[in-house]
Amino acid sequence: MKKYFVIALLLISLSVLHSEDKNSVLQVVARVSPLLSLSMGTPEAFDIIDSNNNLISTRMVGNFSVVSNYKAWKMLVDSTYKTSASIGRLKLDDSETYIPYTFAIKAGEITILSEFNIASLIQPITTAAGASYSLHFYFSDDDTIWPQGIYRDTLVLTVTTD
Amino acid sequence: MKKLFVVSLLFVFLTAALFAQESVTTRVTAIVGANLTVTTTMSATTTIDPALTSATLGNVTISSNLSGGWKITVNSLNGGAMVRQGGTERYPYLLNFGTFATAQNLATDLVLNRTGIQTGTTSALSITYSTAASLSLPAGTYEDTLTISLAAL
Amino acid sequence: MKKSVILFLVAVVAIGAAFGQALPVTGTVTQVLETSLVSGALNLTLAGAAGATVPSSGAVIKIRSNRPQWTVTFLSSNDGFLNPTEGFTNASAIAYKLRATWLSGTVSGTIINGLVDAAGVTLSDVAGPSISTTGNGKTSADGLSYTLNALVVLPASDVAMFEANAGLTYTDTITVTIAAN
């Protein structure tokens, strides 16, 4: 008996189906850490009268630096011995003798502040190195003989975004 | 029966400070140094008339900002006399210093001790002397040097 | 007694089919071209010394491809800048770089390092703005994983700093796509 072998030819076809490309979406989120700082060394003591015992009219008292990455910030100054918004006083140690003065805080040649407890002109964002300001005192001589000694005032400088 | 679980999500928003502030305190120190000043209307050289018995030297204005003691010192180079140039003859005189001293012999320094602040105070200086003839002084030029100085005590 | 060795010869004769019949068998191979965000996020806190480079937290991106040639692209929505969100009044946008560092996986037995320049590429400096790279070879089934970072260079000491505003951020959106070449 013959045996028949039947061999089937298999046709195999493959097709590739395109799936939808899958994309990813990411958010990049950055926050800027706020900075607001003020640094000032202790001003050096300065002579206030000349050889004729007259008050020297102008003195640059010291410099200070502010670092701020707030868009708009302001400065304020207060004086321990002030008598008004515009007049401060230097007090003679161990005495009730006072020398009055007016003052200005300047950015370069521009005065940004000249009254106590009244906010300065709005200041812009600074560089990382900071913005520099100078403190100036002004005296008006009236032939008063000022007693020899050390005269002082304490100032509080504040920078604020409020 | 379905059970529904309701989950409440509580969001607590912590708002960062809306303002920032920083302050520094600094002391401003000014020095008023000791200041003793003397100014004068006296000429560098005053020539007196030996036929007279007095001469005005001029004014001296003195101020002080010392709260403590200080002094005025008047010194005569020749101890209260004009000395003839090229010789040793002495022509004595006495000093009047405003209200501080009258007919002061300057054989030794005149020292006027003061205390406290003195605003500019002007004193007239003059001298009194005998006429040259009465002293039988030889002819010549007689001179002395007066120095007025201020110092703290 | 005789001993006999009997050898069985076995011949297997393939007999040709009396007739053949084709049976179609159909198979389907699904194309795989995909990217996925595995973990992490690109968050930056901009603080530090002037001129310093600040990296973001890392996001792990996975790429899978059974196509031999493919290109993956990172596309910025904001022209390569982190834009200030609503609330700022006049803040400037911030340029930033993008970097992808190989994490795991192979491509036909070869690891591709540095999918994107290891130092990061400033997106605002390139066309698109986008960064793309071509892969030669199919990835493993687990795909290629990269850690993605955004980097920001802080302003120099003599240049105005980035504006701060409590609660507000600067943002961009990166779309990662993959396509067969």
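First the proteins, then the strands, lettered A, B, ... as listed; each starts at 1.
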Seminar exercise, completed: Bottom line for C:F88: the part with an atom under 4.5 Å from chain A's heavy atoms is neither
Exercise. When only pairs under 4.5 Å are counted, which of C:T177, C:N43, C:D172, C:T173 shares the most heavy-atom pairs with chain A?
Worked result: C:D172
Exercise. Just checking, is any N or O donor in the side chain of A:S134 or A:N63 under 3.5 Å from an acceptor N or O on the other one?
Worked result: no
Seminar exercise, completed: residues 46-59 of chain C vs chain A, non-hydrogen distance cutoff under 4.5 Å, contacting residues -> C:L46, C:A47, C:A50, C:A59
For this session: Inspect the contact between C:E34 and C:R64 and indicate whether a charged nitrogen and a carboxylate oxygen are less than 4.0 angstrom apart.
Result: yes
Problem set entry | Note: A:K91-A:D153 ion pair, threshold 4.0 Å (strictly below) | no
Exercise. Is any side-chain heavy atom of A:T127 closer than 4.5 Å to a side-chain heavy atom of C:M161?
Worked result: no
For this session: Apply side chain to side chain contact (heavy atoms under 4.5 Å, CB included) to the pair A:L26 and C:L148, showing each step before the final yes or no.
Result: CA-CA 10 Å; A:L26 298 89; C:L148 199 62; 4.1 Å; yes
Problem set entry | Student check: side-chain heavy atoms of C:W70 and C:L33 closer than 4.5 Å | yes
Problem set entry | C:D125, CG atom: more than 12 neighbouring heavy atoms under 6.0 Å | yes
Seminar exercise, completed: One option among C:I174, C:T171, C:I61 has the most heavy-atom pairs under 4.5 Å with chain A, and it is C:I174
Seminar exercise, completed: Among A:A128, A:S24, A:P124, the residue with the most heavy-atom pairs under 4.5 Å to chain C is A:S24
